[in-house]
Amino acid sequence: MPAVLQIWIVIMTIGMLVIALLTLRLLTRFLTKASEDISQLGQAVRESTSRIDHVALEVRTLLTSVHECVPPVMRVVERFESVGHRTADLSSARSPRSSDVR
């Protein structure tokens, strides 16, 4: 085998090795960056979950308060209904209108 061909094979082998090492180095950087991003995403999800739990607790408290307010409101509505019926009964039972007296 001629010496020039052997030198060319050695140079090509070294070049391929350098390309492989650079590719490996870039891939390692990419994976490190991706790992950091996933870690930040996990932290954001944990914070969001905590906030969602807090909001759910506030909603439950609000619903409990509303549930406690409904019976008194219903009693007031029933009283207004009763007053409305009495008013209607009184208006229909009152004396004839002045226009009906003629």
Exercise for the section: Kindly determine whether Lys33 and Asp37 satisfy side chain to side chain contact (heavy atoms under 4.5 Å, CB included), including the steps that lead there. Expected result: CA-CA 6 Å; Lys33 175 81 169 103; Asp37 289 346; 3.2 Å; yes
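A distance of 11.0 Å separates CG in Leu21 from CG in Leu26, rounded to the nearest 0.5 Å. The CZ atom of Arg25 sits 13.0 Å away from the CG atom of Leu27 when rounded to the nearest 0.5 Å. For the atom pair Arg60 CZ and Leu57 CG, the distance stands at 6.0 Å (nearest 0.5 Å). Atom CD1 of Ile19 is separated from atom CD1 of Ile14 by 12.5 Å, given to the nearest 0.5 angstrom.
Side-chain heavy atoms closer than 4.5 Å link hydrophobic residues (I, L, V, M, F, W, Y) into clusters, and following such links, possibly through other members, connects Met12 to Ile9. Both Leu63 and Val55 belong to a single network of hydrophobic side chains, linked directly or stepwise wherever heavy atoms of I, L, V, M, F, W or Y lie under 4.5 Å apart. Hydrophobic clustering (side-chain heavy atoms under 4.5 Å, transitive across Ile, Leu, Val, Met, Phe, Trp, Tyr) keeps Met16 apart from Leu24.
Side-chain N or O atoms of Ser35 include none that pairs as donor or acceptor with a backbone N or O of Leu31 at under 3.5 Å. One N or O on the side chain of Ser65 and one on the backbone of Thr61 form a donor-acceptor pair closer than 3.5 Å. The backbone N or O of Glu78 lies less than 3.5 Å from no partner atom in the side chain of Ser82, so there is not a single donor-acceptor pair.
Looking at Met74, Glu68, His67 one by one, the single match for side-chain contact (heavy atoms from CB on, under 4.5 Å) with Val70 turns out to be Met74.
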